[in-house]
J.: 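Please read through the structure below; I'll follow up with questions.
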Amino acid sequence: MEEPKVIDTPIATATKLDMDDSGSSINQKMYRGIIGSLLYLTTSWPDIVFSVGLCASLQTNPKEYHLNAAKRILRYLKGTQDLVLYYPSGDNFNLTGYADADYAGYLVDRKSTSGMAHFLGSCLISWGTRKQYSVALSTAEAEYVAVASCCAQLLWIKQQLEDFRVYIDCVPLLRDNTGDQRTRSRTRKPNTLMSDTIFLEIMRKRDLFV
């Protein structure tokens, strides 16, 4: 893959990977090496978290079409090297969480997948995707599980911000069935023990702002 053809998406929308044993076997060491490198990149590339996690869950007996899916991620990274996370400085500390669920998308055990992203103001500070522990019986159930995970993460972030004397009121908001569940939080003015300037400087040192 020295001169790969670049692509705009890390995974096709119609891709459904499973543990089918009928495919052609590949070098497992090479496949796991690719997945290990991609897992390292997920710490700064939130747009590949889902696709890398899907490929990583099939490392036991990888087949040729699993390798093709992993190579597609590499082609995507090759063509999107100019994409970066931007953390502008400012005094907007609205904490917002977005959650969505892929109902019964995992073909092996028909479990759903939760995805979430959390913003402090306009800055993305936390993201993740994981397979749900139980089998959801409906899309609504899968989405409520995803929102519950998102709220749990928001409460953890809220506690971290309170350690910096920034007090936040978390107000979960559930929307319609379009998959755009969202949880908002409204931030009050920082405690008078710490001025806005000092607080912003601390956040910059912790690489939350630039």
J.: Ignoring hydrogens, what is the shortest heavy-atom contact between Tyr87 and Cys123? Give both atom names and the distance.
T.: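 It is CD2-CB, 3.3 Å.
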J.: Report the distance from atom CD of Glu141 to atom OG of Ser134, rounding to the nearest 0.5 Å.
T.: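 Going from CD on Glu141 over to OG on Ser134, the span is 6.0 Å.
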J.: Check whether Leu74 and Leu41 end up in the same hydrophobic cluster, where Ile, Leu, Val, Met, Phe, Trp and Tyr are linked by side-chain heavy atoms less than 4.5 Å apart.
T.: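 Leu74 clusters together with Leu41.
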J.: Scan for ring pair (Phe, Tyr, Trp, His ring centres under 6.0 Å) pairs involving residues 115-140, sequence neighbours excluded, and state none if there are none.
T.: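 Those involving residues 115-140 are Tyr98-Phe119.
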J.: Check side chain to side chain donor-acceptor pair (under 3.5 Å) between Tyr76 and all other residues, then give those that pass, not counting sequence neighbours.
T.: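 Testing Tyr76 for side chain to side chain donor-acceptor pair (under 3.5 Å), a comparison that skips the adjacent residues, returns Asp47.
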J.: Looking only at heavy atoms, what is the nearest atom pair of Leu154 and Thr96, with distance?
T.: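 Scanning both residues completely, I find the closest heavy atoms to be CD2-C, 4.3 Å.
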J.: Report the residues that fulfil side chain to side chain donor-acceptor pair (under 3.5 Å) with Thr9, sequence neighbours left out, ordered by chain and then residue number.
T.: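 Expected list: Arg72.
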J.: Could you name each residue pair satisfying side chain to side chain donor-acceptor pair (under 3.5 Å) that touches residues 27-36, not counting sequence neighbours?
T.: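 Sorted result for residues 27-36: Gln28-Arg32.
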J.: Could you pull out the closest heavy-atom pair between Ala70 and Ile34, with the gap in Å?
T.: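 Smallest heavy-atom distance, with atoms named: CB-CG2, 4.1 Å.
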J.: Taking side chain to side chain donor-acceptor pair (under 3.5 Å) as the test, write out the residues that go with Ser51, two or more places apart.
T.: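 So Ser51 forms no side chain to side chain donor-acceptor pair (under 3.5 Å) with any residue.
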J.: Mind checking the OG-CZ spacing from Ser57 to Arg130? Nearest 0.5 Å is all I need.
T.: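 Rounded to the nearest 0.5 Å, the OG-CZ separation comes out at 14.5 Å.
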J.: Quick check for you: to the nearest 0.5 Å, what is the distance between Ile157 atom CD1 and Glu162 atom CD?
T.: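 With rounding to 0.5 Å, CD1 (Ile157) is 12.5 Å from CD (Glu162).
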J.: May I ask whether Trp156 and Leu120 are part of the same hydrophobic cluster, defined by side-chain heavy atoms of I, L, V, M, F, W, Y residues being less than 4.5 angstrom apart, directly or through others?
T.: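 The answer is yes; both residues are in one hydrophobic cluster.
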J.: If you measure from OG on Ser122 to OH on Tyr86, what distance do you get to the nearest 0.5 Å?
T.: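 If I round to the nearest 0.5 Å, the distance is 8.0 Å.
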J.: Sequence neighbours left out, what passes side chain to side chain donor-acceptor pair (under 3.5 Å) with Ser25? Give chain and number order.
T.: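 Lys63.
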J.: Would a single hydrophobic cluster contain both Val135 and Leu54, if residues Ile, Leu, Val, Met, Phe, Trp and Tyr are joined by side-chain heavy-atom contacts under 4.5 Å?
T.: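 Different hydrophobic clusters.
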J.: Within a radius of less than 6.0 Å around CG of Asp109, do more than 12 heavy atoms belonging to other residues, nucleotides or ligands occur?
T.: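 Atom CG in Asp109 is crowded, with more than 12 foreign heavy atoms closer than 6.0 Å.
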J.: Is there a donor-acceptor contact under 3.5 Å linking the side chains of Ser126 and Gln153?
T.: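 Looking only at side-chain atoms, Gln153 and Ser126 do form a donor-acceptor pair, the distance falling under 3.5 Å.
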J.: Is a side-chain donor or acceptor of Gln132 paired with a backbone partner of Ala142 at a separation under 3.5 angstrom?
T.: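 Checked: pair present.
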J.: Apply the test side chain to side chain contact (heavy atoms under 4.5 Å, CB included) to residues Leu95 and Ile125: give CA-CA distance (whole Å), side-chain angles for both, the deciding distance (0.1 Å), then the verdict.
T.: CA-CA 10 Å; Leu95 184 60; Ile125 60 173; 4.3 Å; yes
J.: Check for a donor-acceptor pair, side chain of Thr80 on one end and backbone N or O of Leu83 on the other, with a separation under 3.5 Å.
T.: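 Here the side-chain-to-backbone pair does not exist.
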J.: Looking at side-chain heavy atoms only, is the closest gap between Val147 and Met116 below 4.5 Å?
T.: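 No, every pair of side-chain atoms sits at 4.5 Å or beyond.
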J.: Which pair of heavy atoms, one from Pro46 and one from Leu124, lies closest together, and at what distance?
T.: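 That would be CG-CD2, 3.7 Å.
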J.: Nearest 0.5 Å, what's the CD1-CD distance between Ile26 and Glu64?
T.: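 The CD atom of Glu64 is 8.0 Å from CD1 of Ile26, to the nearest 0.5 Å.
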J.: Applying side chain to side chain contact (heavy atoms under 4.5 Å, CB included), run through Cys55 and Ile73 and close with a yes or a no.
T.: CA-CA 10 Å; Cys55 293; Ile73 302 174; 4.2 Å; yes
J.: Does Gln59 reach the main-chain N or O of Ala56 with its side chain, forming a donor-acceptor pair under 3.5 Å?
T.: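 Yes, the answer is positive, given that a donor and an acceptor are paired below the 3.5 Å cut-off.
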J.: Side-chain heavy atoms under 4.5 angstrom apart, residues restricted to Ile, Leu, Val, Met, Phe, Trp, Tyr: same cluster for Val145 and Phe50?
T.: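 Different clusters.
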J.: Test your reading of the model: is there a side-chain donor-acceptor pair from Tyr65 to the backbone of Ser24, 3.5 Å cut-off?
T.: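 The answer is no, because no donor-acceptor pair under 3.5 Å joins these two groups.
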J.: May I ask whether Met30 and Leu77 are part of the same hydrophobic cluster, defined by side-chain heavy atoms of I, L, V, M, F, W, Y residues being less than 4.5 angstrom apart, directly or through others?
T.: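 Linked, Met30 and Leu77 end up in one cluster.
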J.: Any sub-3.5 Å donor-acceptor pair from Arg75's side-chain atoms to Lys5's backbone N or O?
T.: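 Yes, because the side chain of Arg75 sits within donor-acceptor range (under 3.5 Å) of the backbone of Lys5.
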